[in-house]
Amino acid sequence: MGKTRHWLRYSLPFILILVSLVSLYACDSGDSSTTASTFSTVITSTQTSAANVTVTLANFAFSPASLEIKVGDTVTWINKDEVTHTVTGDTAGIFDSGNLATNATFSYTFTSAGTFKYHCLPHPYMTGTVIVK
Ligand code: CO
């Protein structure tokens, strides 16, 4: 115990000087341009992290019927009904799941911005919208 205090009494001033030198150096090297580029890198990586959103088909409806995502995000539909449904884009050739049995899933990655309306082929009254920003 006594030895530790003795060591601290002599080394503490040196530790303090070392800490202030390190913080001074950090301030000098961290000029505003470096800080700005580091900040923008963080923002960019947040924007490019793709999300995966799930839409449930249940009781002859898409839920949520409308959702907003970002370019690059993926939507996965899962059929929770006892009957077969499809996820079919209103614009031909965009996406079409084909027949989805119970618990079957279909995923589609949206690579461009726009409003994408879709429906179920056997039940045209089942409609949904994906807004890609
Ligand atoms: Co259907």
Side-chain angles (χ1 to χ4, degrees):
M1 200 59 176
K3 262 195 172 174
T4 311
R5 257 190 224 157
H6 184 77
W7 179 84
L8 261 181
R9 180 184 294 176
Y10 287 98
S11 54
L12 199 59
F14 293 104
I15 292 172
L16 288 176
I17 288 167
L18 197 67
V19 166
S20 9
L21 279 175
V22 166
S23 44
L24 270 176
Y25 176 76
C27 278
D28 281 348
S29 62
D31 60 88
S32 58
S33 66
T34 308
T35 311
S37 71
T38 308
F39 186 67
S40 77
T41 304
V42 170
I43 295 296
T44 306
S45 70
T46 304
Q47 285 175 334
T48 52
S49 62
N52 196 322
V53 186
T54 301
V55 173
T56 304
L57 287 78
N59 303 313
F60 293 84
F62 296 103
S63 177
S66 180
L67 73 153
E68 196 178 297
I69 60 170
K70 292 187 179 118
V71 172
D73 288 352
T74 299
V75 179
T76 297
W77 288 266
I78 180 164
N79 182 12
K80 285 294 181 185
D81 269 342
E82 296 296 316
V83 299
T84 297
H85 294 297
T86 75
V87 178
T88 307
D90 286 7
T91 306
I94 289 199
F95 54 86
D96 189 359
S97 66
N99 286 339
L100 291 176
T102 304
N103 287 324
T105 62
F106 169 68
S107 293
Y108 184 79
T109 301
F110 290 84
T111 55
S112 59
T115 298
F116 300 88
K117 289 178 178 292
Y118 63 91
H119 60 279
C120 172
L121 274 178
H123 319 104
Y125 55 86
M126 289 176 65
T127 59
T129 306
V130 178
I131 299 157
V132 186
K133 298 219 164 175

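All ligand and atom numbering here is 1-based and tracks the order in the structure. Predicted model only: the values in this text are computed from it and were never measured. No hydrogens, no waters, no symmetry mates; every other heavy atom, side chains included, goes into these values. Numbers here are sequence positions counted from 1.
Ring geometry for F116 versus F110: interplanar angle of 30 to 60°, hence tilted. Between W77 and F106, the two ring planes are parallel [angle under 30°; tilted spans 30° to 60°].
Taking the N/O/S atoms of H123 in turn, the shortest distance to the Co ion (ligand 1) belongs to ND1. Counting just the N/O/S atoms of H85, the one with the shortest distance to the Co ion (ligand 1) is named ND1.
Inclusion of M126 in the first shell of the Co ion (ligand 1) is supported: an N, O or S atom falls under 2.8 Å.
A donor-acceptor pair under 3.5 Å is absent between the side-chain atoms of N79 and the main chain of A104, judged by distance alone. In terms of modelled atom types and a separation under 3.5 Å, the side chain of D81 and the main chain of N59 share a donor-acceptor contact.
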